[in-house]
Amino acid sequence: MPIFFPNSEQKLLHRAQLVAGYTFGEIAQYLNIPIPADLSKQKGWVGNLIEIFLGANAGSKAERDFANLGIELKTIPVDKQGKPLETTFVSVTPLMANHGVIWETSHVKYKLTKVLWIPIEGERTIPLADRKVGKPILWTPTQEQERQLKQDWEELMDMIALGQVEKITAHYGTYLQLRPKAANGQALTEAIGENGQIILTRPRGFYLKKSFTMQILDNAMKS
DNA sequence: GATTGATCATTA
DNA sequence: TAATGATCAATC
């Protein structure tokens, strides 16, 4: 039984604004969730904590966090200046069956249609329980931002379709990058090889670079 | 193994 | 010290 279920964008945003300023320790205590000694063994802990508090569909589902509202929830670790400390994972990259896949119907665009960003203090010098939640940002890409993402996405997807997955490094893309996304270095999935044959490679994912998420945070500060 | 949630930690 | 490539946990 969820402690809270958002049935409107306003209610979700209101609850997100409510947690702003609270520490992870306070939230975890309220939810009766143990605090891990460190994040190295539980990298998604903060994300899960916020999900539970906001009533998202916790766990692993290939859906948006708030399917009924069409909103994706993402926590983003920031430093004292409010700048992102990490890149942001968007979605797994399809490496096969990409015939006729276009930006307009891609997972990336779908997920980034509307995102509720929750900035969180991420500096490792702050004990986990003492880190605080920031003010939520309900974001929809501007035309310019979407154009930037589309450009990077198309470049990367073209390379994948041409069998050049293994040549792609995180250097490609201005705001959207492709990086390994797997349980470990042994995980393999099918992809298209240089000669059009099927090869096995590490699963990849799309990530937003810091320069992009920084724009979002900055714009939210101004408005 | 692949999905979700991400951060770690070594390299450059 | 920033960024890339590697990795952790829960779940299906």
**Asked** Rounded to the Å, how far apart are A:Asn48 CG and C:dT11 C1'?
**Response** 11 Å
**Message:** Just N and O in the side chain of A:Thr189: are any of them under 4.0 Å from OP1 or OP2 of B:dA2?
**Reply:** yes
**Fill in**
Whole-Å distance, A:Phe89 CZ to C:dT7 C1', equals 14 Å
**Asked** Touch check for A:Glu72, heavy atoms < 4.0 angstrom, all strands: base, sugar-phosphate only, or nothing?
**Response** sugar-phosphate
**Prompt:** So what does A:Lys210 hit on the nucleic acid, given a heavy-atom distance under 4.0 Å: a base, only sugar-phosphate, or nothing?
**Reply:** sugar-phosphate
Pairs of donor and acceptor atoms involving the side chains of residues 194-201 of chain A, under 3.5 Å and at least two apart or interchain, shall be tabulated with distances.
| residue | atom | partner | partner atom | Å |
| --- | --- | --- | --- | --- |
| A:Glu194 | OE2 | A:Lys167 | NZ | 3.3 |
| A:Gln197 | OE1 | A:Asn195 | N | 2.9 |
| A:Thr201 | OG1 | A:Glu166 | OE2 | 3.0 |
| A:Thr201 | OG1 | A:Arg204 | NH2 | 2.7 |

**Asked** Can you find a side chain N or O atom of A:Arg124 that sits less than 4.0 Å from OP1 or OP2 on B:dT7?
**Response** no
**Asked** Does the side chain of A:Thr75 get closer than 4.0 angstrom to OP1 or OP2 of B:dA6 through an N or O atom?
**Response** yes
**Message:** By the 4.0 Å heavy-atom rule, please label A:Tyr172 as base, sugar-phosphate, or nothing.
**Reply:** nothing
**Prompt:** Between B:dG5 and A:Lys111, is there an OP1 or OP2 to side-chain N/O distance shorter than 4.0 Å?
**Reply:** yes
**Asked** Run the salt bridge (charged side-chain N to carboxylate O under 4.0 Å, His left out) check on A:Lys150 and A:Glu104 step by step: do they pass?
**Response** CA-CA 9 Å; A:Lys150 179 179 177 180; A:Glu104 277 67 26; 3.6 Å; yes
**Prompt:** With a 4.0 Å cut-off on heavy atoms, is A:Glu86 in touch with a base, just the backbone sugar-phosphate, or nothing at all?
**Reply:** base
**Item:** Interatomic distance, A:Glu51 CD vs B:dT4 P [rounded to whole Å]
**Value:** 11 Å
**Asked** Is any side-chain N or O of A:Gln42 closer than 4.0 Å to OP1 or OP2 of C:dA10?
**Response** no
**Request:** Examine C:dA6: is either OP1 or OP2 under 4.0 Å from a nitrogen or oxygen in the side chain of A:Arg202? Give yes or no.
**Result:** yes
**Fill in**
Taken to the nearest whole Å, NE2/A:His107 to P/B:dA2 is 14 Å
**Asked** Touch check for A:Gly47, heavy atoms < 4.0 angstrom, all strands: base, sugar-phosphate only, or nothing?
**Response** sugar-phosphate
**Message:** Within the 4.0 Å heavy-atom criterion, would you say A:Thr169 contacts the bases, only the backbone, or no part of the nucleic acid?
**Reply:** sugar-phosphate
**Request:** For residues A:Thr140 and A:Thr113, report the shortest heavy-atom separation together with the two atoms involved.
**Result:** CG2-O, 3.4 Å
**Complete:** Whole-Å distance, A:Leu176 CG to C:dT4 P, equals 13 Å
**Message:** Go through it in stages, so that I can follow the logic: the residues are A:Lys74 and A:Glu72, the test is salt bridge (charged side-chain N to carboxylate O under 4.0 Å, His left out), and I'd like the CA-CA distance, side-chain angles, deciding distance and then a yes or no.
**Reply:** CA-CA 7 Å; A:Lys74 290 209 167 297; A:Glu72 171 77 10; 3.5 Å; yes
**Any A:Phe212 side-chain heavy atom under 4.5 Å of A:Gln145 side chain** = yes
**Asked** In terms of the nearest nucleotide of DNA chain C, which residue is placed more toward the 5' end: A:Lys41 or A:Ala170?
**Response** A:Ala170
**Fill in**
Testing B:dA2, B:dT7, C:dA6 for proximity to the side chain of A:Pro203, the answer is B:dA2
**Message:** Within the 4.0 Å heavy-atom criterion, would you say A:Leu188 contacts the bases, only the backbone, or no part of the nucleic acid?
**Reply:** sugar-phosphate
